[in-house]
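Input: a single structure, listed below in structure tokens.
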Amino acid sequence: MNADAEKPSPPPVDFTDQGEEDWVEAEVSGPTSQETYNMVSDVAIGMNLRWRDNIFQLKFIVVTTLLFTLVGGLIFRVEGTVTGFVVGVLAGLFGSGIFLMIYRAMRHSQGKHD
């Protein structure tokens with residue numbers, strides 16, 4: 001004999017008696033639009049709109065520019081002053097940018113997308 005033929009079939013399910021109040025919407029917790037923008041601008045492309053980061057970068061560039069200009073001027077006079085200024089701006093720009101890149105990567109890896 002066939003073993004499947006002896007098993008009783010399950011009762012039919014009636015889906016008509018379920019009202020809308022039985023459905024519970026799941027609360028979606030994801031990043032806000034600002035956090036999403038910060039992630040994209042930090043990882044791919046876009047302007048950094050964080051005032052704290054921009055003020056830090058401004059201060060860093062000003063300090064390195066003054067430092068390189070003074071050192072260049074003391075060592076090589078006029079040519080050193082101009083060269084120190086240019087090198088100071090570039091060093092400040094790249095140095096602060098690299099620092100912020102590493103800092104923001106560490107923050108994103110911790111799940112902090114502020």
Side-chain angles (χ1 to χ4, degrees):
M1 286 194 81
N2 190 355
D4 292 333
E6 295 176 9
K7 290 184 183 176
S9 63
V13 179
D14 183 18
F15 291 105
T16 59
D17 64 344
Q18 293 182 358
E20 289 183 23
E21 64 275 354
D22 292 340
W23 295 95
V24 178
E25 291 186 26
E27 187 174 316
V28 178
S29 62
T32 64
S33 60
Q34 184 63 42
E35 290 174 338
T36 303
Y37 178 82
N38 288 340
M39 285 187 280
V40 171
S41 68
D42 288 342
V43 174
I45 189 169
M47 291 176 41
N48 184 352
L49 300 179
R50 294 183 190 95
W51 281 102
R52 192 176 70 219
D53 288 359
N54 293 331
I55 295 299
F56 164 76
Q57 197 162 21
L58 173 68
K59 289 178 181 179
F60 194 89
I61 292 171
V62 167
V63 168
T64 56
T65 301
L66 289 174
L67 184 67
F68 277 73
T69 303
L70 288 173
V71 169
L74 290 174
I75 295 174
F76 298 108
R77 304 285 180 226
V78 176
E79 296 86 11
T81 304
V82 174
T83 304
F85 178 82
V86 172
V87 171
V89 169
L90 293 175
L93 180 68
F94 286 111
S96 62
I98 290 169
F99 171 80
L100 285 173
M101 177 183 64
I102 293 169
Y103 175 74
R104 287 294 165 197
M106 289 174 33
R107 298 279 294 175
H108 285 303
S109 70
Q110 296 170 350
K112 299 174 183 174
H113 310 294
D114 56 345

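Positions are given from 1 along the sequence.
Listed by chain and number, the residues in a side-chain contact (heavy atoms from CB on, under 4.5 Å) with M106 are I102 (sequence neighbours excluded). Remark: H108 pairs with D42, H113 by the side-chain hydrogen bond (donor to acceptor under 3.5 Å, both in side chains) rule, at least two apart or across chains. T36 meets the side-chain contact (heavy atoms from CB on, under 4.5 Å) test with P31, M39; sequence neighbours excluded. The side-chain contact (heavy atoms from CB on, under 4.5 Å) search around T32 returns Q34, E35, not counting sequence neighbours.
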Just list the side-chain donor-acceptor pairs under 3.5 Å for residues 80-93, sequence neighbours left out, or say none.
from: T81; atom 1: OG1; to: R77; atom 2: O; distance (Å): 2.8
from: T83; atom 1: OG1; to: E79; atom 2: O; distance (Å): 2.8

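Taking OH of Y37 as the start and CZ of R50 as the end, the distance is 9.5 Å to the nearest 0.5 Å.
Residue pairs meeting the side chain to side chain donor-acceptor pair (under 3.5 Å) criterion with at least one member in residues 51-68, sequence neighbours excluded: N48-D53, D53-R104, Q57-S96. Within the structure, the ring-ring contact (aromatic ring centres under 6.0 Å, His included) test picks out the following pairs touching residues 59-81 (sequence neighbours left out): F56-F60.
In this structure, V40 shares a hydrophobic cluster with no other residue, the cluster being traced through Ile, Leu, Val, Met, Phe, Trp and Tyr side chains under 4.5 angstrom apart. V62 shares a hydrophobic cluster with L58, L66; the chain of contacts runs through ILVMFWY side chains whose heavy atoms sit under 4.5 Å apart. Applying the under-4.5 Å side-chain rule to Ile, Leu, Val, Met, Phe, Trp and Tyr, the cluster around V63 consists of that residue alone. Through direct or indirect side-chain contacts shorter than 4.5 Å among Ile, Leu, Val, Met, Phe, Trp and Tyr, L70 is connected to no other residue.
Atom CZ of F94 sits in a sparse spot, with 12 or fewer heavy atoms from other residues, nucleotides or ligands closer than 6.0 Å.
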